[in-house]
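As structure tokens, the structure follows; a few thoughts come after it.
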Amino acid sequence: MELKYDDVVYIHTVEDAEIEIPEIDELNKHLRSLVEDRLCYLIVFPGVGSSSSNEARKHAAKQKGKNIIAEAIIIDNLAIRLLANFYMKINRPEQKIKLFSNEVAALEWINSIKGKKK
């Protein structure tokens, strides 16, 4: 996890990661240490073969909306794209969330949201 551009946090997960509630809590703790209580945007790069349980996805959807305005997920793998679409439709995170095939498009989307907030 890395803070870039003052309010954009990049999250990279490793390949074949099994993300459960303890890992989500650890990610959220680290996120809070980076941005404190400021509003921020996420760009997530899921590792190939990464997965999470239904309980973990529900937990993640409830936790993230607190100070995250939007989350862009960069996906170049069909299987992960299907899982991400499922997550967005079923778990309905509070923040805006959208899938992208590259970082440039994700940053353009985030910057468009920032422009609307001004």
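Hydrogens, waters and symmetry mates are skipped; everything else that's a heavy atom, side chains included, is used.
- Of the inter-residue distances, the one linking Cys40 atom SG with Arg32 atom CZ reads 11.0 Å to the nearest 0.5 angstrom.
- Atom CG of Leu39 sits about 9.5 Å away from atom CG of Asp37, to the nearest 0.5 Å.
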Test log, rule side-chain contact (heavy atoms from CB on, under 4.5 Å), inputs Lys96 and Ile113
CA-CA 10 Å; Lys96 294 176 183 178; Ile113 293 170; 4.0 Å; yes
Go through the steps to decide whether Phe45 and Ile73 satisfy the test side-chain contact (heavy atoms from CB on, under 4.5 Å), and finish with yes or no.
CA-CA 6 Å; Phe45 298 84; Ile73 304 174; over 6 Å; no
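- For the residue pair Asn102 and Ile74, the shortest heavy atom distance occurs at O-CD1, 3.4 Å.
- Between Lys114 and Asp7 there is a salt bridge, since at least one side-chain N of the basic residue sits less than 4.0 Å from a carboxylate O of the acidic one.
- Residues Arg38 and Asn67 come closest through the heavy atom pair O-ND2, 3.0 Å.
- The two residues Ile24 and Ala56 come nearest to each other via the heavy atoms CD1-O, 3.0 Å.
- A distance of 9.5 Å separates CG in Leu34 from CD in Glu2, rounded to the nearest 0.5 Å.
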For a side-chain contact (heavy atoms from CB on, under 4.5 Å) check, start with the C-alpha distance between Met1 and Leu31, then their side-chain angles and the critical distance, and finish with the verdict.
CA-CA 8 Å; Met1 186 176 294; Leu31 177 64; 3.9 Å; yes
Would you check, one step at a time, whether the test side-chain contact (heavy atoms from CB on, under 4.5 Å) holds for Lys4 with Ile43?
CA-CA 10 Å; Lys4 289 190 175 186; Ile43 297 184; over 6 Å; no
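- Closest approach of Ile110 to Val8, counting heavy atoms only: CG2-CG2, 4.4 Å.
- Contact between Trp109 and Glu71 at its shortest, heavy atoms only, is CZ3-O, 3.6 Å.
- Annotation: side-chain hydrogen bond (donor to acceptor under 3.5 Å, both in side chains) contacts of Glu23 (sequence neighbours excluded): none.
- Contact annotation: the side chain of Pro46 approaches that of Ile75 to within less than 4.5 Å [non-hydrogen atoms, C-beta and beyond].
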Please list, one pair per line, the donor and acceptor atoms closer than 3.5 Å that link side chains of residues 13-22 to other protein atoms, with sequence neighbours excluded.
residue, atom, partner, partner atom, Å
Thr13, OG1, Gly47, N, 2.6
Glu20, OE1, Ser53, OG, 2.6

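- Interatomic distance, CD of Glu103 versus CD of Glu108, reported as 11.0 Å (0.5 Å rounding).
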